[in-house]
Asks: 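Okay, here's the structure, questions in a sec.
Note: hydrogens, waters and symmetry copies are ignored here, and every other heavy atom, side chains too, is used. The residues of the chain are indexed from 1 along the displayed sequence. One-based numbering, in listed order, for ligands and for the atoms of each.
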Amino acid sequence: MADRRLLMIPGPIELEPDVLTALSEKTRSHVDPTFIEVFGRALGRLREVFLAPDAQPFVVAGSGTLAMDMAAANLVEPGTRALVVDTGWFSARMAEILARWGAEVVRVGAPIGGAPSLDEVAATLARGKFDLVTITHVDTSTGVRADVEGLARLAKAHGALVVVDGVCAAAAEVLRMQAWDVDVALTASQKAIGAPPGLAIVMARPAALARHRARKAKVPSLYLDFAEWLPIMEAYEARRPHYFATPAVNLVAALDTSLGLLIAEGMEARFARHARLAGAFRAAWSAMELSLLPRPELAANTLSAVRYPSGADAKLVAAIGKEGIVVAGGLHPEAKAEYFRVGHMGAISPSDVVAVVSAIERAFRAAFGQERRGLAAAQAAL
Ligand code: PMP
């Protein structure tokens, strides 16, 4: 029998059948008028998803890490000062990427599962001149969601550009890119945006593009340079053929289909659905006497990072797999063996919550002889 296990990791995620159909269409020329229409429409749709009519989308083949690299490559020159709001392993990755492009990086962090307070970030900003502030909207290694709105306000008051890594958040957690004055938001196709892995998405608003234009030297990487891609993205939106590097034709078609579904659902409805389903998961964890890795008030709506209770360990992940649900182990190097992660983003529904919680109940019983009941609480919350 085909693998019918439900994929509930924090990306890649289960895809809508229409998205898979679009992916499997005959590969067209990247300058075929029908593909130009699809790519052009997808770019316009990204502005709707990010709630940023004035943003310039860049969609290139690559993963989320490439999107991080692209943002850094274009905004950093030797000596650029960057403050990284550190909420986990992916924030640390951003710090590493910025440093490789020549930035002087200051990290403001917190113990694992926490986030620095706005006051702590403000105090660091006050002590030095920063050109950039980066925020990991949801750090997938800890399940911590950052206060993007509050942090962006602080950064803007300081005159810094704001870069948001939205890989595990965009299209699920509330992000009002333009209203909150976020300059760059980036993501990847395989998360809440609902397409297969393989596309890096970078949204850049005018101040970020201006910073790029004001660079003293060219971006050292040709493939990552906004200047190479801007005419291409503009041409597709104007429904004209133009070539720099071959777009991932089938992935772009899948992305466009998924974005169409997201917009049909409506962004506010989508944010609310993710909050409601995450709330049902949290009700289940609490009824099962399981605690979260993130401080409760910081827990993301896109995934749960759940600590193993005493008497249980990482064997739980395989046991849940045997019950038909694929979840992920821990990721943060300091606590890898202490928790597991359940992704809950994209096209999920209340019945997926029920399926996951009941599979976890059975797995605790089968692997550790523990009775942990969360289903009734999840149902009540739904
Ligand atoms: N940032 C965050 C917050 C992520 O969750 C991930 C992937 N899990 C990345 C960056 C890197 O994305 P990718 O694995 O697609 O390179």
Asks: May I ask you to check whether Ser63 has an N/O atom sitting below 3.5 Å from an N/O atom of ligand 1?
Replies: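 Checking ligand 1 against Ser63, an N or O pair does fall under 3.5 Å apart.
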Asks: Say whether Ser91 and Asp139, considering side chains only, have a donor N or O and an acceptor N or O under 3.5 Å apart.
Replies: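 Yes, Asp139 and Ser91 have a side-chain donor paired with an acceptor closer than 3.5 Å.
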Asks: Can you sort out which atoms of ligand 1 are near Met68, meaning under 4.0 Å from one of its heavy atoms?
Replies: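 The list of qualifying atoms is 10 (C).
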Asks: State whether the number of non-hydrogen atoms from other residues, nucleotides or ligands found under 6.0 Å of Arg100 atom CZ is greater than 12.
Replies: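 Count not over threshold, so no.
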Asks: Give yes or no for whether the N/O distance cutoff of 3.5 Å, strictly under, is met between Pro10 and ligand 1.
Replies: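 No: no nitrogen or oxygen of Pro10 is under 3.5 Å from one in ligand 1.
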Asks: Please check if any side-chain donor atom of Trp89 sits under 3.5 Å from a side-chain acceptor atom of Thr142, or the reverse.
Replies: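 There is no such pair (donor and acceptor under 3.5 Å, judged by atom type) between the side chains of Trp89 and Thr142.
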Asks: Here's a test for you: under side chain to side chain donor-acceptor pair (under 3.5 Å), which of His212, Arg215, Lys218 qualifies with Asp225?
Replies: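 Only one option passes, and that is His212.
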Asks: Would you kindly check if the NZ (Lys) or CZ (Arg) of Arg81 is within the cone defined by 45 degrees around the ring axis of Phe130 and under 6.0 Å from the six-membered ring centre?
Replies: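 That pair qualifies as a cation-pi contact.
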Asks: For ligand 1, indicate whether the residue Val138 contacts it via side chain, backbone, both or neither (heavy-atom separation under 4.0 Å).
Replies: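 Contact part for Val138 vs ligand 1: backbone (N, CA, C, O).
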Asks: Kindly indicate, with the supporting measurements, whether the criterion ring-ring contact (aromatic ring centres under 6.0 Å, His included) is fulfilled by Tyr339 and Tyr308.
Replies: CA-CA 5 Å; Tyr339 68 106; Tyr308 298 119; 7.8 Å; no
Asks: Give the residue and atom name of whichever protein heavy atom lies nearest to atom 4 (C) of ligand 1, and the separation in Å to one decimal.
Replies: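 For this ligand atom, the closest protein heavy atom is Thr140 OG1, 3.4 Å.
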Asks: Heavy atom under 4.0 Å from ligand 1: found in Val167's side chain, backbone, both, or neither?
Replies: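 For Val167, the contact with ligand 1 is made by the side chain alone.
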Asks: For His242 together with Tyr236, are the ring centres under 6.0 Å from each other?
Replies: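 Centroid separation for Tyr236 and His242: 6.0 Å or greater.
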Asks: Side chain to side chain contact (heavy atoms under 4.5 Å, CB included) with Val59: which of Leu46, Leu251, Ile232, Val202?
Replies: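 It is Leu46; the other options fail the test.
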Asks: Would you call Arg273 and Glu268 a salt bridge, taking side-chain N to carboxylate O under 4.0 Å as the test?
Replies: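 Salt bridge absent between Arg273 and Glu268.
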Asks: Starting from atom 7 (C) of ligand 1, which protein heavy atom do you reach first, and at what distance in Å?
Replies: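 The closest one turns out to be Lys191 NZ, 3.3 Å.
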Asks: When you compare ligand 1 with Thr136, is there at least one nitrogen or oxygen pair between them that comes in under 3.5 angstrom?
Replies: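 No, since none of the N or O atoms of Thr136 sits under 3.5 Å from an N or O of ligand 1.
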Asks: Please write down residue, atom name and distance for the protein heavy atom closest to atom 6 (C) of ligand 1.
Replies: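 Answer, as residue, atom name and distance: Phe90 CE2, 3.3 Å.
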Asks: Is it the side chain, the backbone, both or neither of Gln190 that has a heavy atom closer than 4.0 Å to ligand 1?
Replies: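 Contact part for Gln190 vs ligand 1: side chain (C-beta onward).
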Asks: Out of Gly11, Gly64, Gly62, Ser189, whose heavy atom sits nearest atom 12 (O) of ligand 1?
Replies: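 When every heavy atom of Gly11, Gly64, Gly62, Ser189 is considered, Gly64 comes closest to atom 12 (O) of ligand 1.
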Asks: Could you tell me whether Asp165 and ligand 1 have an N or O pair separated by under 3.5 Å?
Replies: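 For ligand 1, there is an N or O atom that lies under 3.5 Å from one belonging to Asp165.
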Asks: For atom 11 (C) of ligand 1, grab the closest protein heavy atom and report residue, atom and distance to one decimal in Å.
Replies: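 Of every protein heavy atom, Thr65 OG1, 3.4 Å lies nearest to atom 11 (C) of ligand 1.
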